[in-house]
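Working notes for the structure below.
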Amino acid sequence: MGKGFFISKSVGVVGIILGAGALATIIALSVVYSQEKAKNNQVSPTDGGTTSKPPVTTAPSNEPWDKYRLPKTLVPHHYNVTLWPRLTPDPTGLFIFTGDSTVEFEVAEDTDLILIHSNKLNHTTLENGHLAKLTSISSRAEAISIKSTRLQTTTQYLVIQLDGKLKRGQRYHLYTKFTGELADDLGGFYRSEYMENGVKKVVATTQMQPTDARKAFPCFDEPAMKAIFHITLLHDHGTVALSNSEEKGFNVTMGDQHVLKTVFKPTEKMSTYLLAFIVSDFAYINNTIDGVLIRIFARKPAIDAGQGAYALNTTGPILKFFENYYNSSYPLPKSDQIALPDFNAGAMENWGLITYRETALLYDEEFSSNSNKERIATIIAHELAHMWFGNLVTLRWWNDLWLNEGFASYVEYLGADHAEPAWNLKELIVLNDVHRVFAVDALASSHPLSSKEEDIQRPAQISELFDAISYSKGASVLRMLSDFLTEEVFTMGLRVRTSQYLPEESQGGAVDASGTNLPTNVNNIMNTWVLQMGFPVVTIDTTTGNLSQKHFLLDPDSEVTVPSPYNYEWIVPITWWKTGVPQTPLWLETKHDTKSTMNVSGDDWVLANINVVGYYRVNYDQGNWEKLLKALNTNERPIPIINRAQLVDDAFNLARAKIIPTVLALNTTLYLNKETAYLPWESALNNLDFFYLMFDRTEVYGPMQDYLRKQVTPLFNYYKRLTADWSRVPHGHMDQYNEVNAISLACRTGLEECQNLTKTWFKHWMDTNINLIHPNLRSTVYCSAIAAGGAPEWEFAWSHFKNATIASEADKLRYALSCTKQPWLLNRYLEYTLDPNEVRKQDATSTIVYIANNVIGQSLAWDFVRARWSYIFTQYGGGSFSFSNLVNGVTERFSTEFELQQLKQFKADNAEVGFGSGTLAVDQSIERTIANIKWIAENKKNVLDWFQAAAKPNSY
């Protein structure tokens with residue numbers, strides 16, 4: 001998950017010194033390492049920035065306890081926290097935990113007020129008659145009495161007013177005792193339940209990021225408020241306790257109960273959101289690499305079945321890769337990783353104790369697909385990257401979350417590629433991140449990477465930042481930076497700053513940046529990408545060589561109300577080829593450039609943004625587009641695979657933005673009957689999904705199905721031959737992905753041979769209870785068979801879903817169950833999403849979205865969400881990072897005026913309930929719906945005519 005870093009805006013978002021061919025500092029990503037050493041014992045000053053977020057709605061009072069940010073009066077040094085989670089319910093049926101905490105803090109400014117975060121904790125009144133006890137520990141400190149204590153629930157504080165002033169430089173202990181609910185809400189200190197051999201088991205676990213450590217114990221719950229934590233856990237015999245640091249356990253008597261007491265070594269100085277503590281009866285496997293103990297924890301049957309082996313074998317190489325990448329040893333003696341049955345995010349980089357969903361850590365060769373395996377490798381790499389970048393060096397405030405998450409989202413490909421070099425994973429960032437985030441960043445309701453601190457205050461606003469912009473745009477922009485600096489210079493900058501942070505390895509010095517040919521310093525370049533939202537479309541006129549750039553908006557008529565410090569102008573690095581020959585890179589620094597050399601004549605063509613390293617789209621004059629389409633159709637196909645994917649994606653989105661005709665975009669798919677590579681096919685299918693969303697309820701649907709069936713049939717037959725009639729698995733990682741595409745689209749478009757194939761496979765499973773379907777193909781085969789079948793197929797899949805002991809298999813079935821065409825089954829499935837006994841809370845929102853993606857389920861899901869919004873939001877939406885996905889998912893197909901009015905009414909009706917982390921998604925959905933309405937009105941006839949013509953046997 002996400003973080004960011006201490007950084008001074010005085011050096012800019014990117015700090016660099018260029019001169020005499022030397023680079024002394026590289027971007028904030030490395031600047032922070034040198035700053036961290038000096039700031040390790042103090043809170044940094046605030047800095048500025050820009051944002052598209054609306055002004056913060058502040059509490060009516062100007063009192064400190066009515067503000068969401070802590071005053072800068074107190075600085076914590078260390079905590080002593082003891083917690084006792086009860087894994088059986090009390091007489092009222094509640095699962096609880098009890099605890100006490102002592103925090104030692106230093107006074108930074110004289111004050112008669114202590115504010116410390118506390119949320120949903122029931123504080124015990126102590127012998128002094130208050131909810132806290134204050135003790136001076138400095139020799140010169142005055143004994144100050146507590147005047148009053150109370151809880152401020154809106155801003156989540158324990159408010160302690162004193163009868164005198166604490167003086168600067170003095171130290172105190174603050175003691176509290178409390179009880180909390182070990183709820184199943186997936187936040188703070190919570191419980192996860194699962195069945196094992198018919199017995200219900202309970203795990204006590206945590207998810208603190210971003211603002212839920214305060215639900216576990218009173219704390220100064222801001223990332224800059226680093227401290228050392230002494231954690232003690234009391235727990236039942238037969239269970240094991242884990243936390244960030246190493247442990248030792250012994251028996252202790254608590255009243256008439258005999259429990260275990262595990263005391264953990266002091267942590268490194270760290271932020272509250274990185275804390276973790278877990279009590280379970282899990283098993284583990286382990287290995288030691290260069291003195292670092294690596295352990296994989298999971299349910300005992302999962303460990304016994306060997307499902308942790310891949311993660312264990314992959315962690316070592318990735319850990320060593322990042323040690324080399326940062327030129328810094330792993331900073332802890334152990335690396336625990338644990339798979340949890342209930343976990344809201346994909347994973348969380350708690351320092352020394354990383355938590356995962358089971359599907360993100362456990363691999364079973366019999367049930368897990370190659371995509372499951374890839375997900376495990378990339379998520380492990382993502383979280384391990386944070387051990388240095390995010391944990392060792394941490395964001396001061398959440399407004400620059402993108403630095404941490406964007407960086408980890410970029411280097412996860414590098415780490416996973418090191419572990420699995422045959423997979424060519426580095427290419428997938430284009431589909432998974434660049435193209436993904438383009439769809440969001442092309443909206444007028446997008447936001448910059450960096451926001452102002454004052455605009456990110458409330459927990460819901462913080463949660464809202466955990467979006468595609470922070471993760472995927474951050475990764476895309478940093479990849480672009482690494483490319484134009486060169487990866488060597490980029491990583492050397494990190495190494496220099498890492499070594500300067502570690503005194504025993506201090507090397508200092510500069511990094512050679514000669515040959516980078518930058519038009520200005522990196523600070524100026526990167527600020528144009530970080531401090532304004534969106535991205536440009538670069539238009540190249542190959543008849544004149546003229547270049548221009550313009551803010552790319554999916555709806556060119558949408559109103560951009562957010563001012564830009566650069567007037568929506570970027571400093572754009574342009575890599576390009578001339579008829580397959582690499583040319584000297586160019587820089588577009590203004591809106592127009594009439595002096596470039598990108599003009600060609602005759603049969604020559606220009607292709608820009610090679611390997612899609614730049615975060616921008618490219619448009620050409622009509623003549624060059626036609627030459628590129630001709631090149632796509634040649635047997636040699638001189639255009640790189642990754643750029644074939646780019647041409648399709650750019651063309652479809654340029655058409656949606658009314659920059660080129662939609663027919664031109666559709667023409668980029670004509671060559672696909674000769675294409676067997678995964679990236680172009682996946683790009684085409686992602687874009688054609690938009691056509692399905694817009695037209696699967698109209699007369700366009702039939703001809704579109706006919707055309708796509710025609711185009712995919714050669715691919716289906718290619719994989720039929722390659723796999724010896726589906727009896728073998730393709731060798732290449734990407735080939736395995738594209739085999740899935742071939743079967744999925746062929747069945748979806750009604751290719752009879754494909755549908756018979758999937759129905760036969762599924763029926764064999766139903767008849768014999770022997771599943772011979774390869775794990776790679778299960779999601780698409782299950783979906784196709786359930787869509788073609790009725791209640792028996794659905795009930796069979798539901799039974800296997802409920803009894804699944806392998807998380808990845810359960811996920812495949814959970815998705816496939818949404819594919820049925822029976823409305824009554826879909827309605828039943830929707831009801832199940834709000835019953836944790838049927839569908840786990842972690843899976844509720846994504847399951848609703850799966851159903852909404854089904855044309856039959858769209859209106860059912862929308863009605864369901866509207867009717868139950870208050871309940872869904874209360875139970876699932878408080879701090880859920882997936883809530884924006886729910887809002888976007890159930891409204892993605894909206895394309896009529898009636899649906900637009902429903903959406904606006906939904907926003908108005910639930911203004912008081914709120915939308916949490918989905919607030920921005922509501923506005924984006926409205927904007928997207930308006931654009932869809934316009935697009936259909938302008939394109940429906942042309943699209944229908946084109947599909948009718950292209951579907952004919954001998955057309956084109």
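The analysis underlying the following values was restricted to heavy atoms, covering all of them including side chains, and did not include hydrogens, waters or symmetry mates.
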- How far apart are the C-alpha atoms of Y616 and W529, what are their side-chain angles, what is the distance that settles it, and do they pass the ring pair (Phe, Tyr, Trp, His ring centres under 6.0 Å) test? CA-CA 10 Å; Y616 55 90; W529 298 96; 7.0 Å; no
- Is there a side chain to side chain donor-acceptor pair (under 3.5 Å) between D649 and N687 once you walk through the steps? CA-CA 7 Å; D649 193 69; N687 282 284; 3.0 Å; yes
- Message: Could you go through K674 and N633, starting from their C-alpha distance and side-chain angles, then the distance that decides it, and tell me whether this counts as side chain to side chain donor-acceptor pair (under 3.5 Å)?
- Response: CA-CA 8 Å; K674 307 180 187 70; N633 276 286; 3.2 Å; yes
- Message: Could you walk me through whether Y325 and W388 satisfy the ring pair (Phe, Tyr, Trp, His ring centres under 6.0 Å) test, starting with their C-alpha distance in whole Å, then the side-chain angles of each, then the deciding distance to 0.1 Å, before giving a yes or no?
- Response: CA-CA 11 Å; Y325 189 80; W388 290 264; 9.6 Å; no
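Within 6.0 Å of atom CD in E365, 12 or fewer heavy atoms from other residues, nucleotides or ligands are found, so the atom counts as exposed in its surroundings. Heavy-atom contacts from other residues, nucleotides or ligands closer than 6.0 Å to CG of D725 number more than 12. Atom OH of Y815 has 12 or fewer neighbouring heavy atoms from other residues, nucleotides or ligands inside a 6.0 Å radius. Crowding of K591 atom NZ: a count of heavy atoms from other residues, nucleotides or ligands under 6.0 Å exceeding 12.
Taking CG from L428 and CD1 from I642, the interatomic distance works out to 8.5 Å, rounded to the nearest 0.5 Å. With values rounded to the nearest 0.5 angstrom, L518 atom CG is found 4.5 Å from I525 atom CD1. Between N546 atom CG and D593 atom CG the span is 8.0 Å, to the nearest 0.5 Å. The distance from atom CD of E675 to atom OG of S683, rounded to the nearest 0.5 Å, is 10.5 Å. Between Q549 atom CD and I571 atom CD1 the span is 9.0 Å, to the nearest 0.5 Å.
In this structure, N643 and W577 have side chains that are not in contact, with every pair of non-hydrogen atoms separated by 4.5 Å or more. A heavy-atom distance below 4.5 Å is not found between the side chains of S369 and R778.
For the 3.5 Å distance criterion, the side chains of S368 and Y310 fail to qualify, holding no donor opposite an acceptor. No hydrogens or angles considered: nothing links the side chains of S476 and D433 as a donor-acceptor pair under 3.5 Å. Looking at W946 and N667, their side chains do bring a donor and an acceptor atom within 3.5 Å of each other. D621 and T543 share no donor-acceptor pair across their side chains, judged by distance under 3.5 Å alone. Side chains of N686 and D689: a donor-acceptor N/O pair is absent below 3.5 angstrom, by distance only.
Only one option out of F690, F947, Y707, W935 pairs with F695 in a ring-ring contact (aromatic ring centres under 6.0 Å, His included); it is W935. A side-chain hydrogen bond (donor to acceptor under 3.5 Å, both in side chains) with D735 is found for exactly one of Y718, Y678, Y719, namely Y719.
A pairwise comparison of heavy atoms in Q711 and L670 identifies NE2-O, 3.0 Å as the closest pair. Of all non-hydrogen atoms in L607 and I610, the two that sit nearest each other are O-CD1, 3.5 Å.
With Y692 as the aromatic partner, R748 meets the cation-pi criteria of under 6.0 angstrom to the ring centre and within 45 degrees of the ring axis.
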